[in-house]
Amino acid sequence: MSATRRKPDDPDGEGGTLTAGSKPWFFETGGGALAPVSAVDVLINVNDKIAAGDLGDYEPIPLGLMPIDRTIGGGLKPGELLLIGGAQGTGKTTMALQMARNVAVAGQAFVLYVSFEHDEADLLQRLIAMESVLPNLPHKAGGVKIQDVRRELLGQSLGSIGATPEATGAARGDLADSAKLRPALQRLARYGHNLYFMRGSQTASTIENIRELVRLHRDQNPDKRLLVIVDYLQKVPQIPEPNNEGEKVTYVVNGLKDIALSEHVPVLAIVAADKEGLKAARLRNYHLRGSSAINYEADIILILNEKYQIVAKVNIEFNPYQAQRFRDWVILTVEKNRAGQDNIDLEYEKLFEFSCFDPNGRMVQEKLIEERLYND
């Protein structure tokens with residue numbers, strides 16, 4: 001495909017052309033360059049990339065949890081900001097870490113997981129428990145529960161509970177010697193080089209420094225895409241600290257969205273609920289803590305609620321067994337979706353003893369309460 005443009009001082013097109021790629025409208029500022037690009041230039045650029053098979057800027061990165069991927073257009077795309085909100089204990093970190101694992105397993109992208117809540121060793125323990133069961137579902141035989149992973153890592157399995165290896169005369173062994181953990185560790189070793197953990201710092205893990213990490217990755221791995229995950233958004237520092245949380249959250253969410261757009265990477269962030277949301281019968285996107293900017297800047301918002309808490313009472317009042325079964329599920333609502341349909345209610349079975357969800361989610365069949373209308 002080829003195209004030409006008339007010179008700015010030649011509106012009738014009689015005095016020659018400018019080839020696509022020239023910059024008749026461009027200047028440098030102290031904060032970067034301003035360079036408007038015509039729609040024709042964009043079209044040529046896209047066409048050239050497609051012709052060269054360079055589709056990384058356009059292909060979504062699947063998150064590995066159906067039907068989320070199907071609902072959001074196949075996965076998360078470069079330039080998009082996805083937020084996961086929910087009350088404590090609904091599995092926000094579990095879901096984000098499982099998505100990170102799925103992306104790393106697929107090998108389509110590296111993952112940078114920045115955690116302000118958990119250190120690297122804790123995330124690894126969760127990952128091992130997850131890896132022990134996910135490949136074998138729906139069968140859980142061979143799965144190692146998170147508390148058993150921790151016992152193995154601490155060496156408690158070498159002697160009686162509470163005893164040290166020195167007290168029992170046993171020597172600590174290599175993790176690979178653990179028959180319980182070996183299958184999960186072998187699988188993790190196949191993709192672990194694609195998944196990077198970083199403990200968030202209140203002095204160093206600023207928006208500016210996260211952006212610099214992304215740029216370093218691009219320089220060192222120009223042919224490999226990157227997914228950035230932040231756990232969680234309200235903990236990202238702004239220096240100096242602003243006067244109120246709303247101002248800070250506005251700055252952080254704007255910064256994460258700008259990283260996504262300017263660095264051509266997808267960004268996923270966990271978001272905490274505000275006080276009203278924690279008391280609400282059903283958590284919604286307007287309950288996310290800190291600023292209305294969260295709802296404006298995000299491309300996709302997923303909200304987690306306990307199914308037992310938000311299913312309409314008609315589904316449980318005459319069936320105690322059904323009520324108990326609902327406690328094993330969370331409802332994931334696609335509250336915002338710029339690329340497709342929103343207000344979609346999906347459900348996932350909790351396998352929290354293995355630090356994961358069953359990835360085979362489904363549409364919710366039962367009637368749910370609506371917080372906007374609900375009155376207990």
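Since the structure is predicted, the reported quantities are computational estimates derived from the model, not experimental observations.
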(message) A298: which residues meet the side-chain contact (heavy atoms from CB on, under 4.5 Å) condition with it, sequence neighbours left out?
(response) L83, I301
(request) With M95 as reference, evaluate L63, L304, L268, T90 under the side chain to side chain contact (heavy atoms under 4.5 Å, CB included) test and give the passing residue. (result) L304
(message) If we check side chain to side chain contact (heavy atoms under 4.5 Å, CB included) with L233, which of these qualifies: I270, V249, L288?
(response) V249
In plain terms, say whether [X] and [Y] are close enough for a salt bridge, that is, a side-chain N and a carboxylate O under 4.0 Å apart.
X    : Y    : value
E366 : K307 : yes
D345 : R282 : yes
D122 : R150 : yes
D358 : K350 : no
K336 : D342 : no
D299 : K257 : yes
E263 : R218 : yes

Could you tell me whether the side chain of [Y] reaches within less than 4.5 Å of the side chain of [X], counting heavy atoms only?
X    : Y    : answer
L351 : L137 : yes
D148 : R151 : yes
R211 : T206 : no
F197 : S115 : no
S205 : M198 : yes
L213 : N209 : no
L346 : M363 : yes
L227 : L112 : no

(request) Check the pair D69, L65 against side chain to side chain contact (heavy atoms under 4.5 Å, CB included), reporting the backbone distance first and the verdict last. (result) CA-CA 6 Å; D69 283 331; L65 287 171; 5.6 Å; no
May I ask you to check whether over 12 heavy atoms, not counting those of [X], lie within 6.0 Å of atom [atom1]?
X    : atom1 : result
K145 : NZ    : no
Y251 : OH    : yes
K367 : NZ    : no

For the pair [X] (side chain) and [Y] (backbone), establish whether a donor and an acceptor sit closer than 3.5 Å, ignoring hydrogens and angles.
X    : Y    : value
N221 : K224 : no
N254 : T250 : yes
H139 : N136 : no

(message) Do I207 and V230 sit in one hydrophobic cluster, given that two such residues count as connected whenever their side-chain heavy atoms are within less than 4.5 Å of each other, even indirectly?
(response) yes
(message) Hydrophobic clustering (ILVMFWY, side-chain heavy atoms < 4.5 Å, transitive) - are I146 and V144 grouped together?
(response) no
(request) May I have the step-by-step check of side chain to side chain contact (heavy atoms under 4.5 Å, CB included) for V330 and E306, ending in yes or no? (result) CA-CA 5 Å; V330 297; E306 296 285 351; 4.1 Å; yes
(request) Tell me who clusters with F27, hydrophobic residues only, linked when side chains sit under 4.5 Å apart either directly or through other members. (result) L34
(request) Verify side chain to side chain contact (heavy atoms under 4.5 Å, CB included) between E335 and N295, making sure each step is shown before the conclusion. (result) CA-CA 10 Å; E335 292 265 347; N295 288 287; over 6 Å; no
Can you tell me which residue pairs pass the ring-ring contact (aromatic ring centres under 6.0 Å, His included) test with a partner in [range], sequence neighbours excluded?
range            : value
residues 70-104  : none
residues 209-242 : F110-H217
residues 329-367 : F352-F357

(message) Is there a side chain to side chain contact (heavy atoms under 4.5 Å, CB included) between K248 and V252? Walk through the geometry before answering.
(response) CA-CA 6 Å; K248 174 185 173 182; V252 171; 4.3 Å; yes
(request) Give, for atom NZ of K77 and atom CZ of R225, the distance between the pair rounded to the nearest 0.5 Å. (result) 11.0 Å
(message) For residues 187-202, which residue pairs pass the salt bridge (charged side-chain N to carboxylate O under 4.0 Å, His left out) check, not counting sequence neighbours?
(response) E131-R187
